[in-house]
Structure formats: structure tokens, C-alpha cells
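Encoded as C-alpha cells, the structure appears first; notes follow it.
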Amino acid sequence: MTRILREIRQLDGKGYQGGRTILAEHVRKLRAELPLQAKRKKVRRRFETKIGVEMQIDWSPYDVLIDGKLTRIHALGCLLCYSRKLHVRFYRNERQSTLLEGLAIAFEYFTGPAHKVVLDNMATAVLGRIGSNGKPLWNPRFLEFTKHYGFEPFACKVCDSDRKGKKEKSFQLLENDFVKGKKFASWEDLNEQVRVWLDENKVKPLETGNWREHGTTRRVPNEVWLEERDFLIRLPEKRFAVYQEEPRLVDEDSTLSVGSTRYSVPSAHANNSVAVRLNADHFEVLDKLGRVVFSRRYVEDRDKGRLQIDPSHYATLPRRPRANGERMDELFLKRFPALASLVEGLLRRMKTLAHVHFRALFRLADGYGEAAFLAAATRAQTYRRFDSSAVRRILERDHPLPEPLATPLAGGTAALGDEVDPPSLESFRELVEGGRDA
């Protein structure tokens with residue numbers, strides 16, 4: 001009813017101006033005309049929990065249109081039982097690594113878990129039940145997760161969905177007030193829209209999600225949560241390692257396969273075995289020192305199976321043909337859009353030698369990993385140090401390597417990571433000879 005009222009009031013030029021009572025009476029008459037068969041209902045016991053004591057979680061699948069294609073999505077719903085504050089995020093599957101990542105994100109959203117987390121007998125958490133009393137046999141990794149965050153897991157009895165009835169009611173709200181009739185441009189758009197629905201529509205009559213007045217408590221969940229958050233378990237300093245880690249072989253063309261799709265990675269890792277961390281919506285490639293050297297989101301369903309090439313991953317190779325006419329600075333900016341000021345400063349200051357610095361920066365990113373490189377380059381950009389040597393010095397200071405940085409260049413071509421010194425053109429002699437093809 002709330003959604004119908006909200007949407008008919010938003011109709012351009014024809015918005016409904018009446019009240020909820022008139023609309024409810026009209027809907028009641030329409031329902032009376034439908035040949036509905038009366039259902040036999042069970043009697044349920046109502047109960048309430050004390051502040052900060054319990055959280056209920058569950059999965060619920062839906063089929064929605066994403067980019068014009070009917071797609072199965074999996075909603076992970078987490079509800080604080082006292083305040084009724086709800087967290088929802090949609091995922092591609094219900095694997096254990098996805099469950100753990102979703103719970104970690106929800107705990108951070110609430111600023112901590114409740115002391116007890118109630119769930120059903122999902123195989124990713126409960127392996128089975130033992131003994132005459134049906135004691136749950138917990139999945140070892142899920143049990144590690146519970147100890148990391150300090151909460152007590154509670155598995156409902158088999159076929160006892162009423163035990164987490166508050167969570168089931170929130171799924172009814174999600175389906176009727178958000179999912180039905182919706183279309184989404186992408187997975188990112190889907191999760192952005194549900195985020196807005198939960199917490200940003202707080203101007204009448206657009207009160208939705210956690211800004212609505214709850215039908216039982218007659219209070220606004222977001223306002224009650226302000227009372228409850230201090231009773232939640234404090235978050236640990238680090239998030240639990242929720243990802244699934246697997247080895248992958250990078251081929252000689254510097255690509256590897258993830259989820260039936262081949263992605264390019266920085267060329268320094270070609271012909272090597274690397275560790276790949278599979279997260280719910282993205283994957284990460286680690287070098288032999290355990291540093292993340294590359295991270296990206298999974299492709300949309302329409303692009304699955306198609307080769308995904310980032311031309312910047314080959315930027316450090318000698319005699320590299322220019323890809324689609326793109327210059328080195330354009331490739332760098334596509335890969336690191338936050339470094340636009342650094343790119344502009346390099347082009348203005350180094351002029352014809354700028355490509356040498358871009359190749360050096362690419363090598364630093366491939367060697368130290370994107371996260372460390374981005375932090376160092378952002379620092380250099382902030383202090384207007386527009387040369388690769390400044391970035392290299394920051395990286396060497398903050399992230400010392402146990403061995404010299406490997407270079408994929410062959411033959412007599414000079415390494416660029418430590419030879420760029422802007423004050424003297426003599427220092428560029430070898431670099432220019434090795435970089436004419438760039």
C-alpha cells in the first residue's frame with residue numbers, strides 16, 4: 001500500500017492528491033472482487049528481544065531485469081531485531097565466501113554485530129545436526145568467522161522459519177516495496193538503488209526502508225538504531241579474510257581465466273603462477289610477496305566469455321605497437337583516473353620525455369601493486385611532484401622490497417624505475433634510446 005501511494009503521487013502531471021484512507025478503501029473493494037481462496041493460517045507466538053541482543057539473517061532469491069536481461073539475484077538481508085534496522089545487498093551467488101563478505105559488510109554498516117546471530121540451516125554455515133537434540137555441526141570456516149567478530153551463532157530448527165519471522169517480514173517489504181516492477185542498468189545500479197531505498201528517501205511521502213515508521217514498534221528504525229548501536233559488539237581492527245583464494249597460471253600473453261572469462265594482468269606476471277582472491281563482486285591478483293597487484297570487478301553477464309584487455313598492462317613491454325591510437329598518458333589515465341593532476345603535470349613539465357615517466361610509473365604499479373602505487377602517486381600529486389622518481393622514492397621508503405624490482409624489459413633496454421632524474425637531460429640518454437617505440 002505504501003509503495004502504491006508513493007508511486008501514484010509521483011506521476012507527472014497526474015499525481016494522486018488524496019489520502020491513504022481513500023486509497024486503502026479502493027484497494028479493499030478491488031480485492032473483494034477477486035476469486036481468492038481462503039488459506040488456513042497457523043498460530044504464531046510473538047516475542048521481542050532486548051536491545052543489542054539479536055540479529056536475524058537470511059538469503060532470498062529474485063528474478064529481475066538487469067541491462068534488459070532477466071537475471072537471478074540473491075538478496076542477503078540482515079535485521080537488527082530491536083531497532084528493526086535492515087541491511088540488504090544483492091549478490092550473484094550464495095557461496096560461503098559471498099556469505100562471509102556480505103555479513104562483514106553488514107556488520108560494518110551497523111557498526112558491529114548483535115550478540116546472537118540467528119540463521120537457518122544453510123550449508124555454508126551448518127554442515128548438519130548431531131545427537132538426539134539435533135545440535136548443529138558448524139562449518140569450521142564459519143565458526144572461525146563467528147569467533148573473529150565475537151558473536152554467538154544460532155541455527156533455527158529445521159523447517160522453523162517462524163523463529164526468524166522478523167527477517168521474513170522484512171523480505172516481504174523488500175519484495176513489495178522495492179523489487180517488484182524494477183529494472184536496473186547494472187549490478188552496481190541495483191545495489192546503489194537499494195542503498196538509497198534503505199537510507200536516503202526520508203522526505204514525505206518518500207519514506208522507505210529504514211526511514212519508515214515500523215508497523216509494530218511505531219518507531220523509525222534509523223532513529224531507534226542510534227540507541228542500539230552502543231550495545232552492539234565492537235568491530236575488530238581488521239575484516240575477516242572473507243575471500244576465496246585460488247592459484248592461477250598467467251599465460252604468456254599475460255592473461256588468466258576467472259569465472260570462464262579471460263582478463264589481462266600486468267605483463268610483469270606473464271608465465272607465472274599467481275594467487276587470485278575471489279570476492280563477491282571483484283577479484284584480486286597477488287604477487288609472490290602477497291601484495292595485490294591488480295584488482296577489477298567481474299564483467300557483466302553480457303560480456304562473460306569475452307576477452308577483457310587493458311592495454312596499459314602491456315605498456316612496459318618494448319616495441320609495443322600503439323593500441324587503438326591511444327597514447328601512454330591516455331592509457332595511464334584510464335587505469336588511474338584519480339591521478340589526472342599528475343598526468344597533466346607530467347605532460348606540462350616533461351613535454352617530449354613524459355612517455356618515459358609514464359612507462360616508469362607503469363612499472364612501479366606492476367612491481368609494488370596498485371594499492372601501494374596509488375597511495376604513493378597520490379601523495380606525490382598532492383605535493384606537486386610531477387616526476388616518476390618522486391613516486392619511486394615514496395614507495396622505496398614506505399614499501400621496501402626484499403629484492404630488486406623485476407623488469408620485464410629484454411635485451412639491452414634500460415630499466416626505468418630508478419633512472420629518471422628531471423634536473424639533468426643526460427640522465428635520460430639510455431631511457432630515450434630504450435623508449436623510442438612507446
Side-chain angles (χ1 to χ4, degrees), residues 49 52-60 74-81 86-131 133-158 160 163-164 167 228-229 231-248 258-259 273-292 295 298 369 371:
T49 55
V53 169
E54 186 172 303
M55 175 187 294
Q56 297 180 1
I57 69 169
D58 203 359
W59 288 104
S60 183
H74 302 264
L76 178 61
C78 304
L79 182 79
L80 286 175
C81 294
L86 173 67
H87 179 265
V88 176
R89 189 171 175 83
F90 296 98
Y91 297 95
R92 290 173 167 82
N93 55 64
E94 298 181 11
R95 297 171 185 162
Q96 186 185 63
S97 57
T98 306
L99 170 67
L100 300 185
E101 182 173 343
L103 290 179
I105 292 173
F107 294 164
E108 292 162 9
Y109 169 80
F110 292 125
T111 69
H115 292 261
K116 178 187 291 185
V117 175
V118 178
L119 63 156
D120 61 15
N121 293 272
M122 55 184 73
T124 51
V126 182
L127 297 179
R129 290 183 176 269
I130 56 177
N133 59 350
K135 181 180 178 181
L137 180 63
W138 297 102
N139 183 293
R141 189 154 187 255
F142 181 77
L143 204 56
E144 288 180 21
F145 180 84
T146 68
K147 293 177 181 178
H148 181 82
Y149 286 98
F151 66 87
E152 175 193 352
F154 180 89
C156 301
K157 294 181 180 179
V158 178
D160 184 20
R163 174 59 184 84
K164 50 183 179 58
K167 181 76 228 51
E228 186 173 23
R229 61 183 177 181
F231 291 85
L232 302 175
I233 299 173
R234 181 174 296 181
L235 289 170
E237 292 184 1
K238 293 183 179 180
R239 180 188 287 189
F240 184 82
V242 297
Y243 47 77
Q244 177 182 346
E245 189 167 311
E246 299 177 357
R248 289 284 195 281
V258 177
S273 180
V274 296
V276 177
R277 289 177 179 172
L278 304 176
N279 294 275
D281 58 0
H282 73 285
F283 68 91
E284 300 170 333
V285 177
L286 282 68
D287 65 9
K288 59 184 178 182
L289 299 177
R291 298 168 309 190
V292 177
S295 174
Y298 302 118

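Positions are given from 1 along the sequence.
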Under the side-chain contact (heavy atoms from CB on, under 4.5 Å) test, residues paired with [X] that sit two or more places apart:
X	answer
T146	F142, L143, F151, P153
H148	P236, F240
V126	N121, P136, W138, A155
E94	W59, H74

Heavy-atom distance under 4.5 Å between the side chains of [X] and [Y], does that happen here?
X	Y	answer
C156	V118	yes
S295	H282	yes
L286	V274	no
D281	R92	yes
R248	S273	no
E245	L278	no

E228 side chain to G52 backbone, donor-acceptor under 3.5 Å: yes

N279 (side chain) donor-acceptor with F283 (main chain) under 3.5 angstrom: no

Identify, with sequence neighbours excluded, every residue that meets side-chain hydrogen bond (donor to acceptor under 3.5 Å, both in side chains) alongside [X].
X	answer
T124	none
Y243	R277
R229	none

Salt bridge (charged side-chain N to carboxylate O under 4.0 Å, His left out) pairs touching residues 146-156, sequence neighbours excluded, are none

For the pair Q56 and C81, evaluate side chain to side chain contact (heavy atoms under 4.5 Å, CB included) and give the outcome as yes or no after the intermediate values. CA-CA 7 Å; Q56 297 180 1; C81 294; 3.4 Å; yes

Can you list the residues that meet the salt bridge (Lys or Arg N to Asp or Glu O under 4.0 Å) rule with [X], with sequence neighbours excluded?
X	value
R141	none
R234	none
E144	none

Return a table of donor-acceptor pairs under 3.5 angstrom between the side chains of residues 101-115 and protein atoms on other chains or two or more places apart.
from : atom 1 : to   : atom 2 : distance (Å)
E101 : OE1    : A280 : N      : 2.8
E108 : OE1    : R239 : NH2    : 2.7
E108 : OE2    : R239 : NE     : 2.8
E108 : OE2    : R239 : NH2    : 3.2
Y109 : OH     : K85  : NZ     : 3.1
Y109 : OH     : D199 : OD1    : 3.1
Y109 : OH     : D199 : OD2    : 2.5
Y109 : OH     : N210 : ND2    : 3.1
H115 : NE2    : F231 : O      : 3.2

Can you tell me how far CZ of R89 sits from CG of L76, rounded to the nearest 0.5 angstrom? 10.5 Å

When rounded to the nearest 0.5 angstrom, what is the spacing between OG1 in T49 and CE in M55? 11.0 Å

Working note: D120 + D58, criterion side chain to side chain contact (heavy atoms under 4.5 Å, CB included); need CA distance, chi angles, decisive distance, verdict. CA-CA 7 Å; D120 61 15; D58 203 359; 3.2 Å; yes

Give the C-alpha distance, both sets of side-chain angles, the deciding distance and a yes or no for side chain to side chain contact (heavy atoms under 4.5 Å, CB included) between I57 and V117. CA-CA 7 Å; I57 69 169; V117 175; 3.9 Å; yes

Does L119 form a side chain to side chain contact (heavy atoms under 4.5 Å, CB included) with F154? I'd like the steps, not just the answer. CA-CA 6 Å; L119 63 156; F154 180 89; 5.8 Å; no

